Asker: 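Following this message is one structure expressed as structure tokens.
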Amino acid sequence: MSDQFRTPSFVDRHIGPDAHAVATLLGTIGVSSLDELAAKALPAGILDPLTGAGTAPGLEHLPPAATEHEALAELRALAESNTVAVSMIGQGYYDTLTPPVLRRNILENPAWYTAYTPYQPEISQGRLEALLNFQTMVSDLTGLEVANASMLDEGTAAAEAMTLMHRAVRGPSNRLVVDSDVYAQTAAVLATRAEPLGIEIVTADLRHGLPDGDFFGVIVQLPGAGGAITDWSELVTQAHDRGALIAVGADLLALTLIAPPGEIGADVAFGTTQRFGVPMGFGGPHAGYLAVHSKHARQLPGRLVGVSVDADGAAAFRLALQTREQHIRRDKATSNICTAQVLLAVMAAMYASYHGADGLRAIALRVHAQASALAAGLSGAGIEVVHPSFFDTVLARVPGRASEVRAAAKERGINVWLVDDDHISVSCDEATTDGHVADVLAAFSAEPTVGGDVTAASIVTRISEFLTHPAFTRYRTETEMMRYLRALADKDIALDRSMIPLGSCTMKLNAAAEMEPITWPEFARQHPFAPASDTPGIRRLIADLQGWLTGITGYDEISLQPNAGSQGEYAGLLAIRAYHAARGDTDRTVCLIPASAHGTNAASAAMVGMQVVVVACRANGDVDLDDLRAKVTEHAERLAALMITYPSTHGVYEHDIAEICAAVHDAGGQVYVDGANLNALVGLARPGRFGGDVSHLNLHKTFCIPHGGGGPGVGPVAVRSHLAPYLPGHPLADELSDEHTVSAAPYGSASILPITWAYIRMMGAQGLRSASLVAIASANYIARRLDEYYPVLYTGENGMVAHECILDLRAITKATGVTVDDVAKRLADYGFHAPTMSFPVAGTLMVEPTESESLAEVDAFCEAMIAIRGEIDKVGSGMWSVDDNPLRGAPHTAESLLVEDWHHPYTREQAAYPLGKGFRPKVWPPVRRIDGAYGDRNLVCSCPPVEAFA
Ligand SMILES: *Cc1c(COP(=O)(O)O)cnc(C)c1O
């Protein structure tokens, strides 16, 4: 059809700069086309030539770009080929009724889902408050003082509990005792994580006490996988008597009724918050949780929100104790977790706020009453109920009949759990109806007994109060909740207000069309262990994605199981380790990592038992080839791998990448290419073809899954064929191996995969390549525009950067005393989110615009940065003192300006509207500069009393 009828394509909507703007970008850079830019920026040895058909190699099989409506129609068809059965499978995943006010105002609201990890706390107070509510909720329900926010899922939370106990006990023993009634996926993740650390797992039925021998820790579950509620208090005493710690995997809904782990003396509690309003989603994403006794607070891995004070002494939130984390402690960190599950933690916390303690207890009692009715019906029909004390799950013994019962339930549209030939387990949840219970009984050929003799109250042993803070009593009507969520979101800068130029984070558009399918019940209400015949649509979608992503990266196989980039790294290194072991190369345990690497790299290497050897970087930021060769030679016999980020964390395409890979291969090592920066490679170069053996990608960076305020993410691990046998498996997925399980669910955070599917489908091969090229053009444009104000630290071939650039403020700081912190905080007064601060080089800012930002937005950012340089110069010239100037005073709250006596050398207008009122919509930060050290000294990690805000 004639071009005059053409409306903008999705590609036109996704990529910010139009043809005219791209010409401006290219003009400033001094190249005549995007292809010339690519040829100048990327080393010729790795740049893929276009195929005859004009697409990048590896993308030939992508169908032509679909429109939004076409892609949604295809997704609709995939969704409709799934069957939404009633799930009574349990095993850690339960149907839940997401309150629509939470679905619409959090899960479907870009103000929440497009935010980043709250590293700039002054403009992240909304989600930090929500996370503090999450921690308070977990702490109250588990009866333990300190909870983090947040773990990736229940299985990995169990593994973190294991390593936490190992660190805390510091004894000689490397043995962990695990009860035989934990979930199969928990046991599998524990086994994976234990082996490389030399931890020996002893599995035993602990109802009768502990086995002989030494051990550092004990893990039990409450209720057990078979549904039993066991009083573990005696076991806790036994464990402590023998010098071990004990962790309880506990169901938070059950804890509204039964004595929580903290009250029976347990040291650690872990689990999932999925059933608090977060759909099962074929396995995830959901927030796990981990809580500890206060004496272990400093051993807690991951993110911990704490309370501190701002410059005016007002209470304010920020991430606490960050010196435990991988970006500072590297291979000594408490864990490798970076991206977590913030959006889902917010959902779960708000679910608890909305229902309150009495609401949660009512839900729990109803669930228990349904299970009790089921148990009574079965007993009445002469069917043995194995555990007399249960919460929501009834384990029935049906010798030789289990398959038959499962089939009969399936005929009634209900999935139950086949334990073995003789046992069926049935779990009730918030969505269970009396009709479902009757249908299940019919499937067992048992009659429903009305008003049976099982009373709902029979298991109630909890007497302590919980969720008494106003955060859990105030927002019980929809009006109150809606306004609370709006008020919190308004405190934050997410992508719906401003570009977020965070280098290494790729904050690009998360299109509405990509987001829509994730809440469709055909995807959202799938149990991860549902029969394969229920889920052909999501499985097809997964297979499509696997094909497309291997094409894009040049690898042979890919696993979507890892729940974040860090988990992909871990899985990839495990594969390398297993490969060497299979060849008898068990001494290969050295992992070379350049000094510039992301902290997760070193932390992941430590988790697989590798020894990190740091490779130096040259003054120009590249890996020091001489040092690399020397280290390769020195460790040749023991070399397991090199982990290298490409393009580098310095935002440049290193020229010598092929040589570097070859040197490692020649010494018998494997090359891990950290693919978090794939936004600079898609359609241009393929790590699987230029020397990588394995890479992880971050679908939450390059492939449009929103950052959710700090998660969820998906970190697929892609490998060349020789590593394929060692990709993550899962004990409950027939099509996968049983080994190397790294997540609780076989396909990890499956319910957000439609986002990436839709993005790739709507961009097509050309669009994906254009996105990379425009992202590179935009970064180079910023580098050119800002270089004279803030020197660009590193450039590669022909003076080009890749998709991001590092602005060096160290000389400016030295000359004027103005720091990167000052500039980052001051940007909020201008209405912008700061770039990445002091990573990978202290005293610098790393800027990544992505392809999605329009030239107007990029220009506004440059204008703000240039104006800030003008302010810095006034400090430098002595016009403003270093302690009293708009930079040091930033960010400025409205309250701080509305004072009778203004005693600063700059005006209130300069503080609030430095580029005039017309510059861009004013963002009013809710708090002033936060004192992080104060909060670490005075650790408070649950909701402070309301008076603190007076
Ligand atoms: C973001 C990032 C990671 C970690 O990814 P997460 O999903 O946050 O765990 C690893 N390496 C690099 C270079 C990154 O930018």
Side-chain angles (χ1 to χ4, degrees), residues 37-47 330 503-504 591-602 605 612-635 639 641-667 669 671-681 684-687 689-692 695 776 779-780 782-784 787 790-808 810-811 836 838-848:
L37 173 70
K40 287 209 153 125
L42 277 86
I46 70 162
L47 182 62
R330 307 187 78 85
S504 210
C591 186
L592 301 181
I593 299 183
S596 59
H598 198 268
T600 49
N601 288 187
V612 175
V613 172
V614 177
V615 180
C617 289
R618 289 199 295 245
N620 73 353
D622 289 0
V623 169
D624 184 333
L625 259 186
D626 295 335
D627 191 50
L628 178 88
R629 285 190 202 287
K631 300 241 155 95
V632 167
T633 310
E634 183 187 343
H635 301 285
L639 185 62
L642 164 76
M643 282 188 101
I644 186 166
T645 304
Y646 205 82
S648 76
T649 52
H650 293 149
V652 298
Y653 298 99
E654 284 181 40
H655 186 89
D656 300 325
I657 183 67
E659 253 185 288
I660 290 172
C661 296
V664 172
H665 284 143
D666 287 349
V671 176
Y672 189 110
V673 178
D674 180 329
N677 289 344
L678 208 74
N679 213 42
L681 293 180
L684 300 173
R686 293 170 292 171
R689 298 300 167 97
F690 63 66
S695 288
I776 298 165
N780 277 284
I782 291 176
R784 297 293 156 104
D787 186 48
Y790 308 91
V792 173
L793 183 56
Y794 299 124
T795 55
E797 313 250 298
N798 301 302
M800 299 284 180
V801 298
H803 63 310
E804 60 194 4
C805 61
I806 297 180
L807 306 177
D808 189 0
R810 289 172 299 183
T836 297
S838 290
F839 171 79
V841 182
T844 67
L845 293 172
M846 182 155 64
V847 183
E848 178 179 1

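Keep in mind that what you see is a predicted model, and the values were worked out from it rather than measured. Numbers for residues simply follow the sequence, beginning at 1.
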Asker: Measure across Val613 and Lys631 and return the closest heavy-atom pair with its distance rounded to 0.1 Å.
Answerer: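 Closest approach of Val613 to Lys631: CG1-CD, 3.4 Å.
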
Asker: Please work out whether the ring planes of Tyr794 and His650 are parallel, tilted or perpendicular, with thresholds of 30° and 60°.
Answerer: tilted

Asker: Is there a donor-acceptor contact under 3.5 Å from the side chain of Ser695 to the main chain of Asp674?
Answerer: no

Asker: Can you give the donor-acceptor pairs under 3.5 Å from side chains of residues 797-807 to other protein atoms, not counting sequence neighbours?
Answerer:
unit_1, atom_1, unit_2, atom_2, d
Glu797, OE2, His655, ND1, 2.2
Asn798, ND2, Lys40, O, 2.9
Glu804, OE1, Ser504, N, 2.6

Asker: Sub-3.5 Å donor-acceptor pair from the side chain of Thr649 to the main-chain atoms of Ser596, do we have one?
Answerer: yes

Asker: With distance as the sole test, does Asp808 use its side chain to make a donor-acceptor pair with the main-chain N or O of Pro791 at under 3.5 Å?
Answerer: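 No, the answer is negative, given that no donor and acceptor are paired below the 3.5 Å cut-off.
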
Asker: Can you give me the closest heavy-atom contact between Leu678 and Pro687, atom names plus distance?
Answerer: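 Minimum heavy-atom separation between Leu678 and Pro687: CD1-CG, 4.2 Å.
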
Asker: Would you check if Val623 and Asp656 make a side-chain contact, meaning some heavy-atom pair closer than 4.5 Å?
Answerer: no

Asker: Between OG of Ser838 and CG of Leu845, what distance do you get to the nearest 0.5 Å?
Answerer: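 One finds 7.5 Å between OG of Ser838 and CG of Leu845.
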
Asker: Strictly below 4.0 Å, N to O, side chains only: are Glu659 and Arg629 in salt-bridge contact?
Answerer: yes

Asker: Evaluate the side-chain contact (heavy atoms from CB on, under 4.5 Å) criterion for residues Leu793 and Arg810: first the C-alpha distance (whole Å), next the side-chain angles of each, then the deciding distance (0.1 Å), finally the verdict.
Answerer: CA-CA 10 Å; Leu793 183 56; Arg810 289 172 299 183; 3.4 Å; yes

Asker: Any donor and acceptor pair, going by atom type alone, linking the side chain of Asp787 with main-chain N or O of Ala783 inside 3.5 Å?
Answerer: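 Such a contact is absent between Asp787 side chain and Ala783 backbone.
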
Asker: Ala39 and Leu47: which non-hydrogen atoms are nearest, and at how many Å?
Answerer: CA-CD2, 3.9 Å

Asker: For Leu628 and Leu642, which heavy atoms make the closest approach, and how far apart are they?
Answerer: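 Minimum heavy-atom contact is CD1-CD1, 4.0 Å.
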
Asker: If you look at every heavy atom in Tyr653 and Ala680, which pair is closest and at what distance?
Answerer: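 So the minimum-distance heavy-atom pair works out to OH-O, 2.7 Å.
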
Asker: Which heavy-atom pair separates Asp624 from Asp626 by the least distance, and what is that distance?
Answerer: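 Closest approach of Asp624 to Asp626, heavy atoms only: OD1-N, 3.0 Å.
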
Asker: For Pro647, is there any backbone N or O sitting under 3.5 Å from a side-chain donor or acceptor partner on Asn677?
Answerer: yes

Asker: Can you tell me how far the CD atom of Glu634 sits from the CG atom of Leu592, to the nearest 0.5 Å?
Answerer: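 So the CD of Glu634 and the CG of Leu592 are separated by 9.5 Å.
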
Asker: Output yes when a side-chain donor or acceptor of Tyr646 lies under 3.5 Å from a complementary backbone atom of Glu654, and no otherwise.
Answerer: yes

Asker: Measuring from Ile660:CD1 to Ile644:CD1, what's the distance to the nearest 0.5 Å?
Answerer: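 Spacing of CD1 (Ile660) from CD1 (Ile644) equals 4.0 Å.
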
Asker: Are the side chain of Thr645 and the backbone of Ala597 linked by a donor-acceptor contact shorter than 3.5 Å?
Answerer: no

Asker: Given Leu684 and Leu681, is the side-chain contact (heavy atoms from CB on, under 4.5 Å) satisfied, shown in steps?
Answerer: CA-CA 5 Å; Leu684 300 173; Leu681 293 180; 5.5 Å; no

Asker: Passes side-chain contact (heavy atoms from CB on, under 4.5 Å), Phe690 versus Ile657? Steps please.
Answerer: CA-CA 8 Å; Phe690 63 66; Ile657 183 67; 3.9 Å; yes

